Amino acid sequence: PLKLWAANVAGGRAKLVTLGEESGILELPPPSVSLHIHSSPPCTEFSPARNGSVGSAAAADVEGGVQVMRWALDLMLGRGDFSWSLENVSTPTTRAVLVEYANRFPERVGFAIFDAADFGAPQTRCRLIAAPPRVIRSLQEMPSARRVSVREAFEEHGIEVPASHFKNQTRNRDGTACVRSVEEQGFTVCASHALTWCDREGKTVRVMTAAESAVLMGFPLEWRLPPGSRNAQRAVGNAMC
């Protein structure tokens, strides 16, 4: 994914380093008003699905995720970066970490929950964003974009939707599939499972391709994806919307 990102972005350079090693830290450019650092610590450690079982392994995963979040925040605050952001899923654990940092550094750390659909993305994608308070205020004060449906997003790319509805991997309380119309925003695009095209009753038509998932993430059609459907879906679902 890093190599492909560099190939897709004119002048882009990608570097793979192990976080926490001194070399990785020293290679970052010095703080500057023209530099923005974005951090996206792994969110699977906080996933309710992953941590639904009771046991020390799940607790250890959550603690590991917390440590990575703290590492990223401490790095940016310690460097004194003028502009930075951190993205993760919103859970009681992640919010508690940011409440702590906001209380310790009220002039330097703010956070809020944002839905990408409010910014014109054709999918519901709620994420917890931390940044300097002025950045959070700027995001909150941005005019809400017009909501874009799945059909509109596909039509904009010259693609016909193959079904009238789609579903994700979850179930309603009565056991039926969670189904939405293509006239609505999509469910959150995930790295592990693509959404599925279906009819109104939830009968499967076919699974969305990684390229179709990329449309819901806002990628242009010419954006090159990794070879293989599993690798491509992982790259798309883990990307920034």
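What you see is a predicted model, and the numbers here were worked out from it, not measured in a lab. Below, all heavy atoms of this structure are taken into account, side chains as well, without hydrogens, waters or symmetry copies.
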Donor-acceptor pair, distance only, cut-off 3.5 Å: does the side chain of [X] make one with the backbone of [Y]?
X: S213; Y: A194; answer: no
X: R180; Y: Q185; answer: yes
X: Q169; Y: H193; answer: no
X: S181; Y: E184; answer: no

* Asked: When Ile, Leu, Val, Met, Phe, Trp and Tyr are grouped by side-chain heavy atoms lying under 4.5 Å apart, directly or through other members, which residues fall in the same group as V179?
  ->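 In the cluster with V179 there is nothing else; it is isolated.
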Identify, with sequence neighbours excluded, every residue that meets side-chain hydrogen bond (donor to acceptor under 3.5 Å, both in side chains) alongside [X].
X: T188; value: none
X: R127; value: none
X: N238; value: none
X: S229; value: none

Do the non-hydrogen side-chain atoms of [X] and [Y] ever get within less than 4.5 Å of each other?
X: Q140; Y: F114; value: yes
X: Y101; Y: D74; value: yes
X: I37; Y: L75; value: no
X: T196; Y: V205; value: no
X: L221; Y: I159; value: yes
X: F119; Y: V148; value: no
X: N88; Y: L98; value: no

* **side chain to side chain donor-acceptor pair (under 3.5 Å) contacts in which one or both residues fall within residues 151-160, not counting sequence neighbours** =>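 The answer is R146-E152, S149-E152, R151-E183.
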* Which pairs, with at least one residue in residues 107-122 and sequence neighbours excluded, count as a side chain to side chain donor-acceptor pair (under 3.5 Å)? ->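 Listed once each, the pairs are D118-R147.
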Results of side-chain contact (heavy atoms from CB on, under 4.5 Å) for [X] - residues two or more places apart only:
X: T176; value: N172, D174
X: R171; value: A177
X: R206; value: P162, W197, T209, E212
X: P227; value: none

* Are side-chain N/O atoms of S164 and R200 paired as donor and acceptor at under 3.5 Å? ->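 Their side chains do not contain a donor-acceptor pair, so the 3.5 Å distance test is not met.
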If you take all heavy atoms of [X] and [Y], which pair is closest and at what distance?
X: F166; Y: M208; result: CB-CE, 4.3 Å
X: P29; Y: L35; result: O-CD2, 3.8 Å
X: V109; Y: W84; result: CG2-CZ2, 4.1 Å

* Measure up the H36 and H38 rings against each other and bin them: parallel (under 30°), tilted (30 to 60°), perpendicular (over 60°). =>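 Answer is parallel, since the angle falls under 30°.
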* Asked: Who pairs with F111 by ring-ring contact (aromatic ring centres under 6.0 Å, His included), at least two apart in sequence or on another chain?
  ->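 F111 satisfies ring-ring contact (aromatic ring centres under 6.0 Å, His included) with no other residue.
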* To do: For R13, look at atom CZ and say whether over 12 heavy atoms of other residues, nucleotides or ligands are found less than 6.0 Å away.
  =>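 Counting neighbours around CZ of R13, 12 or fewer heavy atoms of other residues, nucleotides or ligands fall under 6.0 Å, so no.
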* **From E201 atom CD to H165 atom NE2, the distance as rounded to the nearest 0.5 Å** =>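 One gets 8.0 Å once the value is rounded to the nearest 0.5 Å.
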* Do V9 and L4 share a hydrophobic cluster (ILVMFWY, side-chain heavy atoms under 4.5 Å, transitive)? ->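 No; tracing contacts between hydrophobic side chains, which count when under 4.5 Å, never links both residues.
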